[in-house]
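Every chain is numbered from 1 and lettered A, B, ... according to where its sequence line falls, protein lines coming before strand lines. Both backbone and side-chain heavy atoms feed into the values below; hydrogens, waters and symmetry mates do not.
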Amino acid sequence: MTKIITLDHGSGGQASDDLIKNLFLKYLTHPELKQLNDSAVLEQVSGKLAFSTDSYVVDPIFFPGGDIGELAVNGTINDLSMMGARPLYLSLGLIIEEGLDLDDLEKIIYSIGRASEITGVPIVTGDTKVVPKGKGDKIFINTSGIGVIDSGIDIGPHRIKEGDKIILSGTMADHGVTILTKRAEIDFSGSLTSDTTALHNITSLLLDHFPGDIHAMRDPTRGGVANVLNELAENTELNMEIKESNIPIRAEVKAACELLGLDPLYLANEGKCLIFVSATVADETLKLLRNLPEGKMAAIIGHTDTQHPGKVILNTNAGGRRLVNRLIGAPLPRIC
Amino acid sequence: MKYVEEYRNNDLVAELATELHRLVDRPIRIMEVCGTHTVSIFSHGLRALFPKNLELISGPGCPVCVTPINHINDFQTIAGLNGVSIAVFGDLIRVPGTTDSLSSMSAKGRDIRVVYSPADVLHLAKQHPQRVWMLPAVGFETTAPAIAAVVLEASRLNINNFTIYPANKTVPAALDALFGNNTIKLDGLLCPGHVSTIIGLEPYRSLAHKHGIACAVAGFEPTDIFHALISLATMIHKRETKVQNCYTRAVTDSGNERARQLIEEVFTPEDSRWRGFGVIPGSGLMLKDKFAHFNALHRFTFTQNKDQDPASCRCGEVLKGVLQPRQCPIFGKSCTPSSPIGPCMVSSEGTCAAHYRYGSVEINL
Ligand code: SF4
């Protein structure tokens, strides 16, 4: 018989205790977490702190290229990294629906442990709740993270300037199209995989080399490249000129988007960042990026300009030109 | 994907655009009949490459848009019945009815699923035998054969918790009605290639002849569209009213006989109400009597809605090509894709949505 999560596992009694000791602490091994205190007590750090939180509700919880656990670790690390912070610690909050297969939970905790180990960012405090069947959807995860911003680093939309180059660190839409096709039970013969990856190595490398020239970084998750560019165009009163033929996209992702009538510019990425950099060092930045496995496919996709403040303009493969607006509603495949 | 890229080749498009500029030596008006063309033209940014003298008007070819509000209301009434689940294609879920949309009903706890093909509905019906499934059968000749095939399959397998609300429509009938009421003056029609893969060229021949208009059947890639526009411009220049097949890699003169047989086996033509047009004789597809048990109109006990399309919604005029989206007083104001008043703002194929998404008054790209 398969073992499942019951309400007992969230009661704070013996079952909870067993779950924590035999499963969670098996894969999450930071000494501060092992204390099982009410809060983690952490070493003093010097520099400004970055603090971020995000909740993960992805359905399906397992998908080609990753699972909800890995996503929750990488996602919050990325949110910290985009502000130029070095991620230091994570918290982990689980809301589990009664009936979740214990093996599935173990797989998820294993992959959280592994992602935390690979990235070097430990889980130092956590919490688990179990909700009755039907009151949740298998498992929801919240992670919060703390990072430190080294002195002299100041990045954000306020630093984006006219003429900055826009770099995308790799192919777009991999995560979004993988989840959408998986949810629709459309089989693309396993060729689509999520790109879930932590980006802190990319960001720290770039900031080490060009602390003054990296102006802003953003990870285009929900709403994709289009939404981030629109937000930044509005904030900066600049326009973003991008060139379709320069935007890296895997052939199978493109094919799936064509088939489903989806615009990849709006689909989520979980391991990519958009980087606004001074034009003078753009090529060198690109070279650095391409030396990292997570930046192999990086490309300069466009630049900022002042002609059409607040707009994002796409120069299409066909040689045409059009606006790229914000995403409106969920991306739905076309009807005919 | 190499295959597709060829039809988007920058240099080739530029060459074709130059040729089109040369040919269009006076103002001409062409209607792109189908929403798929509208979206393709916008999404590839082709408007920036067209000659100023070429006015392109969007037509009635968006199946979600032409579905009248009383049908939308009926879908929702059925969605509210106990034990009934709705399986719906993409955009239809967000189209506002008089008080609700299927999407708002889903938020309130009704079982409404987005599906990608009619076959998915049969699958759901088999998986959840305790519920009765209803597919709003909206679409043109392109979707009708697949729906017919599913009805036949349901009949063969004796699946009795599967129903459709027959609301399919046929394109040539609407075009005939469009010219019949004489409110719009057009020089040419850019006809949807995917519809012609089924119906062939013949229905357009009688249209071209009857209404004295040039027709070109086109694919949906940039070079396809330019080829067809060049062919139209040439015909218009010579005052010819012929039908040209500019999509020979997919369309044959006689279309797809087997697909048409499927439609004929399951459906029978019936008068159908279109948003903006009213009732067009013989333009709808009704389930034949022997499939009546799959017909939601027979299967469920409910009062069919009789509402008229709301007066504030000018979609009817947009669909007929007599009003440009931006001329609708509520465009971009109370009617936006996030809170649409009319279906033309909801559907990914809708003209208003395309204008809102890809174009802007502030910059004339
Ligand atoms: S703006 Fe809205 S109401 Fe007006 S025509 Fe377009 S969709 Fe219809």
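At a 4.5 Å heavy-atom cutoff, the contact between B:F42 and chain A is made by backbone atoms alone. Neither the backbone nor the side chain of B:T223 comes within less than 4.5 Å of any heavy atom of chain A. Contacts between A:D263 and chain B at a heavy-atom distance below 4.5 Å involve the side chain alone, from C-beta outward.
Listed options B:S43, B:G35, B:P222, B:A17 were ranked by heavy-atom pairs under 4.5 angstrom with chain A; first place goes to B:S43.
To the nearest 0.5 Å, the span separating CG on A:N325 from OG1 on B:T336 amounts to 11.0 Å. Atom CG in A:L314 sits 10.0 Å away from atom OH in B:Y358 (nearest 0.5 Å).
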Side chains of residues 117-127 of chain B: which donor-acceptor pairs under 3.5 Å do they make with residues two or more places apart or in other chains?
| unit_1 | atom_1 | unit_2 | atom_2 | d |
| --- | --- | --- | --- | --- |
| B:S117 | OG | B:A119 | N | 3.3 |
| B:D120 | OD2 | B:Y116 | N | 2.9 |
| B:D120 | OD2 | B:S117 | N | 3.1 |

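Put simply, the side chain of A:N317 never gets that close to the backbone of B:N9: no donor and acceptor are under 3.5 Å apart.
Atom CZ of A:R222 has 12 or fewer neighbouring heavy atoms from other residues, nucleotides or ligands inside a 6.0 Å radius. More than 12 heavy atoms of other shown residues, nucleotides or ligands fall within 6.0 angstrom of atom NZ in A:K161.
Taking both residues in full, the closest heavy atoms of A:A318 and B:L46 are given as CB-CD2, 4.2 Å, listed atom of the first, atom of the second, then distance.
Applying the salt bridge (Lys or Arg N to Asp or Glu O under 4.0 Å) test to every pair with at least one member in residues 235-244 of chain A, sequence neighbours left out, gives these pairs: A:E241-A:R321.
Residues A:R322 and B:I41 form no side-chain contact, since every pair of their non-hydrogen atoms from C-beta on lies 4.5 Å or further apart.
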